[in-house]
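Whatever order the structure lists ligands and atoms in, that order sets their numbers, starting from 1.
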Amino acid sequence: MERRLPRPSELAPLLRPAPFVRDATQRRLRRAASIADLRAIARRRTPRAVFDYADGAADGELSLNRARNAFSRVEFTPSVLRDVSRVDLSREILGKRSALPFALAPTGFTRMMHTAGEAAVAAVAEQVGIPFTLSTMGTTTIEGVVAAAPGVRRWFQLYLWRDRAFGKDLVERAAAAGYDTLMLTVDTPVGGARLRDVRNGLSIPPALSLRTFVDGALHPSWWFDLLTTRPLQFATLTDSGGTPADMINRVFDPALTMADVDWLRGAWPGKLVIKGIQNVDDAVRVVDAGADAVLLSNHGGRQLDRAPVPLELVEPTVQALGAVAEVLVDTGITHGADVLAAIGLGARAALVGRAYLYGLMAGGQAGVAKAVEILTGEITRTLQLIGVNSVDEIRREHVRLRPNG
Ligand SMILES: Cc1cc2nc3c(=O)[nH]c(=O)nc-3n(C[C@H](O)[C@H](O)[C@H](O)COP(=O)(O)O)c2cc1C
């Protein structure tokens, strides 16, 4: 092969330095192309115990890993030669149109991940037009979310505790603050064994120890944010201290039964979702008791390990419930195609938890926006490559679950 030296005039057009981005957060987020990339940034940016609290699951983390792996069994059946130049990502969820076919799941102690916390997550949900769910274990009050994002569609996740009067008070506050959906979580009679939290000595709020001071040198901006913003504490829960599982065990009521669902149905005027349903019979029972939707979920693998894979429950649950109630699903969603797969199998919509938390840890509100942007791009592209124009057109015949990966 004959070689020659390139001429400067040939090199000049190739020299295109990336434009300098002044904002350090945007600079960090710019190259994140997937939720896994956001996770990698989050891991670098946050103290180990904090990252592990969000990233980890119970015991051997089989529930979470299996739920994630189930999505790798998905095979789409594409059709070609369809005009997919315009696609509609919107979806009706519990009586209202959402701009995207997913909602943001409730996560406790969100301000520990980044002090921007729920306010930032709700603000992004407001901007893009999707529902945001505030957790009972949140670090922003029911009313604080309204102040931060007045236009966001608000859902409130309820844990019922031993003192039922407290639950009633929260329900009344949520109704008064314009939340349209109540989500009762029922997979938490006791706390799951989050081994990473035990090993890391995580307490809520995080204790200042020699170890945390050393960590402060490694993650100065996280500690600076923590110490220079309003104190990190539960917004509705007054009891705190110890590991998250200790707290769950102190306040949550292991004696919760169907009678409580009946009671709640009477007490709550809006839509009622039961979160943490893991078999078809329970789905039928709670819908008989008046639930408008079930959320098939194993709590992101943070409760029972070796739990059923929620994605695999979608089809039988949809068949059993018919059109009487909506079926939502979460756990293990890290890609827009995962959302479409769930919808193809019959789910009305999905919820995402860690996907947005990784964004939050990676870059506060901009990071959450990036996570939603990544998922949106993936949903759009996957729809186009499948050959359909809208999320509503995704059908059972577009999705197959391969037997093994
Ligand atoms: C850090 C963290 C905190 C959570 N806190 C709550 C909570 O307070 N209430 C609740 O019902 N679910 C909680 N969940 C579960 C989520 O709502 C959701 O079911 C789960 O994150 C979905 O799995 P994914 O993270 O793989 O998307 C939490 C999940 C995480 C990761």
Side-chain angles (χ1 to χ4, degrees), residues 35-36 38-39 42 46 49-58 61 63-71 102-114 117-118 121 131-140 155-161 170 181-189 191-192 194 196-197 202 204 234-237 240 243-245 247-248 251-252 256 273-278 294-304 307 309-311 328-336 338-339 342 347 349-361 368 371-372 375:
I35 298 298
L38 288 179
R39 178 179 180 274
T46 41
V50 171
F51 177 80
D52 275 349
Y53 167 69
D55 188 60
E61 308 195 351
S63 289
L64 177 61
N65 291 329
R66 285 179 188 160
R68 283 189 177 153
N69 290 338
F71 288 105
F102 64 87
L104 303 182
T107 55
F109 226 55
T110 316
R111 288 191 61 241
M112 181 169 76
M113 276 54 105
H114 187 289
E118 289 91 350
V121 183
F132 162 77
T133 321
L134 176 68
S135 164
T136 295
M137 310 281 277
T139 39
T140 300
W155 295 358
F156 183 68
Q157 178 267 323
L158 182 71
Y159 281 122
L160 272 181
W161 41 93
L170 292 181
T181 298
L182 189 72
M183 183 181 279
L184 176 71
T185 300
V186 293
D187 58 11
T188 320
R194 321 257 171 90
R196 295 201 217 178
D197 295 349
L202 175 74
I204 284 189
F234 289 107
T236 39
L237 190 77
S240 72
T243 67
M247 262 179 27
I248 288 178
V251 286
F252 297 158
L256 204 66
V273 181
I274 308 296
K275 175 175 190 277
I277 294 295
Q278 298 181 73
V294 294
L295 171 47
L296 301 171
S297 166
N298 63 36
H299 212 113
R302 298 163 76 80
Q303 286 297 111
L304 175 68
V309 170
L311 183 71
L328 309 173
V329 64
D330 78 15
T331 302
I333 290 175
T334 57
H335 194 286
D338 300 345
V339 176
L351 277 84
V352 298
R354 291 182 186 82
Y356 79 77
L357 287 181
Y358 294 141
L360 184 64
M361 290 186 278
V368 177
V372 172
L375 293 170

Check: of P106, A57, G300, min heavy-atom distance to atom 14 (N) of ligand 1 comes from P106
heavy-atom search around atom 1 (C) of ligand 1 in the protein gives R302 NH2, 3.3 Å
Sorted by chain and number, sequence neighbours left out, ring pair (Phe, Tyr, Trp, His ring centres under 6.0 Å) with F51 holds for none
### Task
Report yes if some heavy atom in the side chain of L360 is under 4.5 Å from a heavy atom in the side chain of V121; otherwise report no.
yes
The protein heavy atom nearest to atom 12 (N) of ligand 1 is K275 NZ, 2.9 Å
From the list I333, L375, D338, side-chain contact (heavy atoms from CB on, under 4.5 Å) with I35 holds only for L375
query: Mind checking whether G353 has an N or O less than 3.5 Å away from an N or O of ligand 1?
result: yes
M137 heavy atoms within 4.0 Å reach ligand 1 at atoms 8 (O)
Could you tell me whether a side-chain N or O of S63 sits under 3.5 Å from a main-chain N or O of G301, the two making a donor and an acceptor? no
Backbone N/O of H299 and side chain of Q303: donor-acceptor pair under 3.5 Å: no
The atoms of ligand 1 lying under 4.0 Å from a heavy atom of S297, numbered in the order shown, are 19 (O)
Please indicate whether any nitrogen or oxygen in Y53 is less than 3.5 Å from any nitrogen or oxygen in ligand 1. no
Quick one: does any side-chain atom of R302 pair with a main-chain N or O of L64 as donor and acceptor, under 3.5 Å? no
If we number the atoms of ligand 1 from 1 as shown, the ones under 4.0 Å from a heavy atom of A54 are 1 (C), 31 (C)
**Asked** So is there a nitrogen or oxygen of H299 less than 3.5 Å from a nitrogen or oxygen in ligand 1?
**Response** yes
### Query
Under the 3.5 angstrom rule, does the side chain of Y53 hit a backbone N or O of F109 as a donor-acceptor pair?
no
Restricting to heavy atoms, the pick from F102, F109, Y159 nearest atom 10 (C) of ligand 1 would be Y159
Quick look: R354 vs ligand 1, heavy-atom contacts under 4.0 Å, and the answer is both
Of all protein heavy atoms, the one nearest atom 5 (N) of ligand 1 is G108 N, 2.9 Å
Is there a polar contact between ligand 1 and G332, counting only N or O atoms under 3.5 Å apart?
yes
*How about T188 and T185: does a side-chain donor come under 3.5 Å of a side-chain acceptor?*
no
| message | Any side-chain to backbone donor/acceptor pair from R68 onto T331? Under 3.5 Å, distance only. | response | no
- Check whether any N or O atom of R68, backbone or side chain, sits under 3.5 Å from an N or O atom of ligand 1, and answer yes or no. no
- Query: Does any donor atom in the side chain of T133 or Q157 lie under 3.5 Å from an acceptor atom in the other side chain?
  - Reply: no
TODO: Using a strict cut-off of less than 4.0 Å between a Lys/Arg side-chain nitrogen and an Asp/Glu carboxylate oxygen, indicate whether D55 and R39 qualify as a salt bridge.
DONE: yes
Short version for L357: what comes under 4.0 Å of ligand 1, heavy atoms counted, is side chain
Contact region, M183 to ligand 1, non-hydrogen atoms below 4.0 Å, reads neither
for atom 8 (O) of ligand 1, nearest protein heavy atom and its distance come out as S135 OG, 2.7 Å
Quick look: T185 vs ligand 1, heavy-atom contacts under 4.0 Å, and the answer is side chain
*How about Y159 and S135: does a side-chain donor come under 3.5 Å of a side-chain acceptor?*
no
Taking only non-hydrogen atoms of D330 and a 4.0 Å limit, the atoms of ligand 1 in range are 18 (C), 19 (O), 22 (C)
